[in-house]
Amino acid sequence: MKLYEYLAKEIFSKNGLPVPKGYLCLSPEDAARAALELGPVAVKAQILAGGRGKAGGITFAATPEEAGIATARLLGSEIRGYPVTRVLVEEKLNIQGELYLGFTVDTSDRRPVALASCQGGVNIEEVPPEKLVRLLIDPLFGFSSYSALYLGLRLGLKGELLKEFVSLALILYWIFMKYDAELVEINPLAIVEGHLIAADARLNIDDDALYRHPEIEVIEDGSELEKAIKNLGLAYVQLDGNIAVLANGAGITMATLDTLEKFGGRAANFLDAGGGAGAEPMAKALDLILDTGPRAVLINIFGGITRCDEVARALIQVKEKRGQTVPIILRLVGTNEDEAYRLLKTYGIEAFKGMPEAVAAVVSATQKL
Amino acid sequence: MKLYEYLAKEIFSKNGLPVPKGYLCLSPEDAARAALELGPVAVKAQILAGGRGKAGGITFAATPEEAGIATARLLGSEIRGYPVTRVLVEEKLNIQGELYLGFTVDTSDRRPVALASCQGGVNIEEVPPEKLVRLLIDPLFGFSSYSALYLGLRLGLKGELLKEFVSLALILYWIFMKYDAELVEINPLAIVEGHLIAADARLNIDDDALYRHPEIEVIEDGSELEKAIKNLGLAYVQLDGNIAVLANGAGITMATLDTLEKFGGRAANFLDAGGGAGAEPMAKALDLILDTGPRAVLINIFGGITRCDEVARALIQVKEKRGQTVPIILRLVGTNEDEAYRLLKTYGIEAFKGMPEAVAAVVSATQKL
Amino acid sequence: MSVLINEETKVLIQGITGSQGFFHTRQMLAYGTRVVAGVTPGKGGEQVLNIPVYNTVREAVEKHEPDAAAIFVPAAKAYEAAVESVEAGIKLVVIISEHLPLQDTIKLLVLAKTRGVTIIGPNTFGIIVPSKCKIGIMPNTIYRPGPVGIVARSGTLSYEVASGLSGIGLGQSTVIGIGGDRVVGLNFVECLELFARDPLTEAIVMVGEIGGTAEEEAATYIKNKKLIKPVVAYVAGSSAPPGKRMGHAGAIIERGRGTYQSKIRALTEAGVKVATYPWEVAGLIRQLL
Amino acid sequence: MSVLINEETKVLIQGITGSQGFFHTRQMLAYGTRVVAGVTPGKGGEQVLNIPVYNTVREAVEKHEPDAAAIFVPAAKAYEAAVESVEAGIKLVVIISEHLPLQDTIKLLVLAKTRGVTIIGPNTFGIIVPSKCKIGIMPNTIYRPGPVGIVARSGTLSYEVASGLSGIGLGQSTVIGIGGDRVVGLNFVECLELFARDPLTEAIVMVGEIGGTAEEEAATYIKNKKLIKPVVAYVAGSSAPPGKRMGHAGAIIERGRGTYQSKIRALTEAGVKVATYPWEVAGLIRQLL
């Protein structure tokens, strides 16, 4: 789960990291009031995507009036596909230098990694490898002060800045661990009047660890439908085609979408009913995606944890409830397959055992319509 | 550093372990007042040695008057060589069973170890090995709830007692780690009305870790002289002979005492000037042990960190200050030996290079007197 | 011979009294797996499907010396359950549970390494040696003994592939699910090494997907170590839109790898045959054997 | 050949700018030890005795690839210093510092084991291969090259013994101080194993003392592994009064071992010659060679 910049900065600040003075503003009036207190400010759109600066999501304002205008312009606009509903109004920093510092997990080395550069800022992804320090962290050893010192020295820092960097890096790693983060990132880590300050802040929390962080408010990202299906415990992503897809397991769902595309169809969504979903949530999910008005539905189940009979029951339940629907093409094999086919037969529903046959059938069904 | 039972129980209680209600009492009046509140009580001498119960250090009192009498008898008495200056007056427990639970370090396996028995109480050391559960703890894994559960099951506990034992054992290990303990021990871990309670408490803190536990008041154990020499940073133990011994390193000090005994002498003390002691503390220690009125002094230095010239200077300084003293026999070899002998020669002090010669000389010096 | 497990393997089930644990224990027993004990704290002394249940792994280990543990425990307790098996000396731990916090997995893998324990998963469908031993949640019906080793990130996709192979008479030596999480224990490269050394395995199927760099690393291994057994791969995700990347740090670490294109390129360059559709894998293997 | 170190060994000094570190670095250089770098945070870039000083061990390792580190850092910082060397990949860490908290030592040893690092100490006088390499604080003058391996808990007592051996023309192959603390890294048994395998070592001296059970374990090793090289032991503490024991737990663990009598009995039963006085050791070795 991504946190908005202002929430990440709240957490940074609470744990002792220096951040600019600023206020979350929901209206131009709020922003003008904030600017009155702060003087020249930066008005920053709060969206859950990067590249905001280049997309016009950050404006500077010298006066409260300018801050209000900038805020009015940002609120309600859309940046990188995200509607802007809130802005952060912050004191404008007189930045003398920009560093980069982040912690994340190196999935291939299976451990945390520190990343740092003396060339932070908007072009960090184009920084040459030799300007990027990458330090793997052994979880048994943790990220120690000598590691922070080494990192700071590699960035070429000295004196007071080096000291500040060491303590800041230790706190940032502490935040990374304490909040079960997938990523913490400060870019730029700005040098202002000879001191370091987190000019931007990014903090992504591991969804699977959210249950042990009740203090963190869950940010609902995505459409109402996405939220509704996620609340059923299933993984859902909306796409722009017309064939709704439901499969079990991320891999087979992806493969179904791939196949569909190659067979000339266009998927309306990615819906992974995942491991061991029972009839109840699957029926609900099916119901919800039928509400979106797809031209057809493709259900592709290879039963492992998911039992074919439960899928059959889910389908029957929805059909019973909704009566006539758009074509629902079912591909079903695996655990309790025989029981499922017996049930389906009772209700006169046909199913395919092969994936290409099912995909071809759904594509042809949409083309027929 | 050993903690008194009442201090250990304070820490136990603060960390959530059940202990009997009780008060530290310094006078019979205190004890009577405590008993008035508590009803029938146990009056327990607070000394830094085990085996107190068998030596008469624990008395039961049914009334405040009896509690006062028992306290009066204990205060000022000596138990196992320790003068009793304080007693703990505690509610008398109606003990239905006695377990044993402790954590310490297994120095040979180089890790913490949990020890538990279903036959706790005064005879714990005689419990047969099969009644003792010994569970080594891997510091990387810690002492987990499954380990505590295993331990409780091995003691034959069930139901509520098992649950209490698990949570109690986890807290006790937590205390062991948090307070840098060498040992935490509950013996007996009493069963009273179907619940577990720490009837006794032992907590020994690692001396070398005391610096990071400013919250723990240092308990001065030993004589004034022992304290004075310990304050110089040297290791000192008082013995009952008449030849004061000063050497550098625990091993050579022990070997000097062993040799002295075999040569027919009797050491007045063990004084290990240890690694790298400079002239200053050594001179002060020498001064202090001369004050105790030994018949002679044996100094045995094989210089590694300790530099012979500094030893020589320490000796010269003391001789200069005190004038005529009892015989001081010096055995000196090692780092900066030549410089030391040059210095000693200037002041007309003789020294031996061989240990047997020096020991023989000091024994003969005391026999001559 | 087979990889990691065989008909002698004695299996402990953690969470045997839960609904998933119970269901799949029954399936494993039906498959012939030697399930010797179960563990559920608080249920020690009970019997489930004639299998004795213990409160702690240590007791079960003392009595039955299991070779492997399967974890069917909810995410919040899966870490401690797995660590309990690792500490108790079980040398193979298969974590079926999903949604383990990332930091739990990382810590578990580090601890397992200090004890020389192989972790499969988390979020895996398990491991199976057809007709010999199954530790996992895959359907009992689709596998046949034979010469093809399968290593897969995704369960259902691997069932698809295994079923396709069995359908044309090509059985499997061992099928390993490495788990769908970003961080997993046993990985593609390690499985390839195991298959390379296994005399029963004559060809290998890799079932991958976009994200992470495991497939690229496998390709590098195949290329550098000159793996002589033929490898066929299927990678899911060709139609996926470019993912919402995890900040700069993700980009910095992956450096352009992790996409469908990069995986296909790396595998092809390493001499791996890449199937366009999952059902084509079996045919490609037949051509290569 | 020698044990653990030799004339090629490159040594890093942690705490080189402190008074002890400085003094003993000078002594080691005088002895011919290849001290290649020093580390003191905050003093990076300086030179001490013509040795470059770094802020971190990692930098020193990148530039000089030291084989061993010697720790001359105050107790409160010794743990982190040693861990820094372990993590940076140095394979032998000699901890001269004393008074390390027990739990620090325990944690350090566990971490070192995960990296295959040998820890000598804490509270050790170090290790020396006479005329080749000295890492420690022992006097430079008392050792001669020769066939006797010495392993000792106590520094000064071992100097006594080494000096006695040198005095009758019996040099030393390697002298190892395992450290005076209750918990130490390299122990008696491991040193005996090293000496058993070392072709330069023809006889072994063990210098022990009361407390702990290290001498008893060494005796068991000698007996069970049928160590054929002759061993002479001296154990200090015959005159010590029975120690104030550490609660019941101590008694339960030691079970009557740890006393002077138990050590002498165990060693004698294992065929070890036990010297009554430290200065007798040399003579006993001469008889056995």
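The structure presented is a predicted model; accordingly, all values stated were derived computationally and were not measured. Hydrogens, waters and symmetry mates are skipped; everything else that's a heavy atom, side chains included, is used. So you know, we letter chains A, B, ... as the sequences are listed, proteins then strands, and number each from 1.
With chain B as the partner, the residue from D:Thr141, D:Asn187, D:Val189 showing the most heavy-atom pairs under 4.5 Å is D:Asn187. In terms of heavy-atom pairs under 4.5 angstrom with chain D, the leader among B:Ala209, B:Pro139, B:Ala255 is B:Ala255. Comparing D:Asn140, D:Val110, D:Val235 by how many heavy-atom pairs each has under 4.5 Å with chain B, the most go to D:Val110. Ranked by heavy-atom pairs shorter than 4.5 Å toward chain D, the options B:Glu261, B:Arg110, B:Met254 are led by B:Arg110.
Proximity to chain D (any heavy atom under 4.5 Å) is shown, for B:Asp180, by both the backbone and the side chain. Within the 4.5 angstrom heavy-atom criterion, atoms from both the backbone and the side chain of D:Glu160 approach chain B. Neither the backbone nor the side chain of D:Ala152 comes within less than 4.5 Å of any heavy atom of chain B. In this structure, chain D has a heavy atom under 4.5 Å from the side chain of B:Arg331, while its backbone stays farther away. Looking at D:Thr114, the atoms closer than 4.5 Å to chain B (heavy atoms on both sides) all sit in the side chain, from C-beta outward. With a 4.5 Å cut-off on non-hydrogen atoms, B:Ala49 does not touch chain D at all. For D:Leu102, the parts lying under 4.5 angstrom from a heavy atom of chain B are both the backbone and the side chain.
Judged by the 6.0 Å and 45° rule, B:Lys353 forms a cation-pi pair with B:Tyr341.
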*Walk me through it: do B:Leu140 and D:Lys113 pass the test side-chain contact (heavy atoms from CB on, under 4.5 Å)?*
CA-CA 11 Å; B:Leu140 294 180; D:Lys113 204 179 163 197; over 6 Å; no

*From CA spacing to verdict: salt bridge (charged side-chain N to carboxylate O under 4.0 Å, His left out), B:Asp207, B:Lys230*: CA-CA 12 Å; B:Asp207 287 339; B:Lys230 270 182 192 160; over 6 Å; no

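The heavy-atom pair separating D:Thr25 from D:Ile13 by the smallest distance is OG1-CG2, 3.5 Å.
Ring pair B:His213/B:Tyr179 is parallel by interplanar angle, where below 30° counts as parallel and above 60° as perpendicular.
Sorted by first then second residue, the ring-ring contact (aromatic ring centres under 6.0 Å, His included) pairs that include residues 105-128 of chain D, not counting sequence neighbours, are D:Phe125-D:Tyr159.
Other residues, nucleotides and ligands contribute only 12 or fewer heavy atoms inside 6.0 Å of the NZ atom of D:Lys225.
Side-chain contact check for B:Asn123 versus B:Lys54: some heavy-atom pair is nearer than 4.5 Å.
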